[in-house]
Amino acid sequence: MSKGKRNKSGVKGVCKHRGNKWRANIGFKGKQINLGVYDDKEDSIKARKQAEKEYYEPIK
């Protein structure tokens, strides 16, 4: 899973939001799903990782 050139978080689907906030999202079946805006980058990363398990792992 690669991240974009402008990605500041180092994690695909996690990006800087307004002020000092972080936003998490995931793409699934051609749609972007907003996972929320977080004060802490690590919380945003956790939300993304959890969503990966929920959305991607059941597909085999």
Practice task
Enter the distance from Asp40:CG to Lys46:NZ here, rounded to the nearest 0.5 Å.
Solution key: 7.5 Å
Exercise for the section: Among Glu52, Glu54, Lys53, find the one that has a side-chain hydrogen bond (donor to acceptor under 3.5 Å, both in side chains) with Gln50. Expected result: Glu54
Anything under 3.5 Å between a donor and an acceptor, one on a side chain of residues 13-28, the other on a protein residue two or more places apart or in another chain? List them.
unit_1: Lys21; atom_1: NZ; unit_2: Asp39; atom_2: OD1; d: 2.5

Problem - Closest heavy-atom pair and its distance - Leu35, Ala51 - result: CD1-CB, 3.5 Å
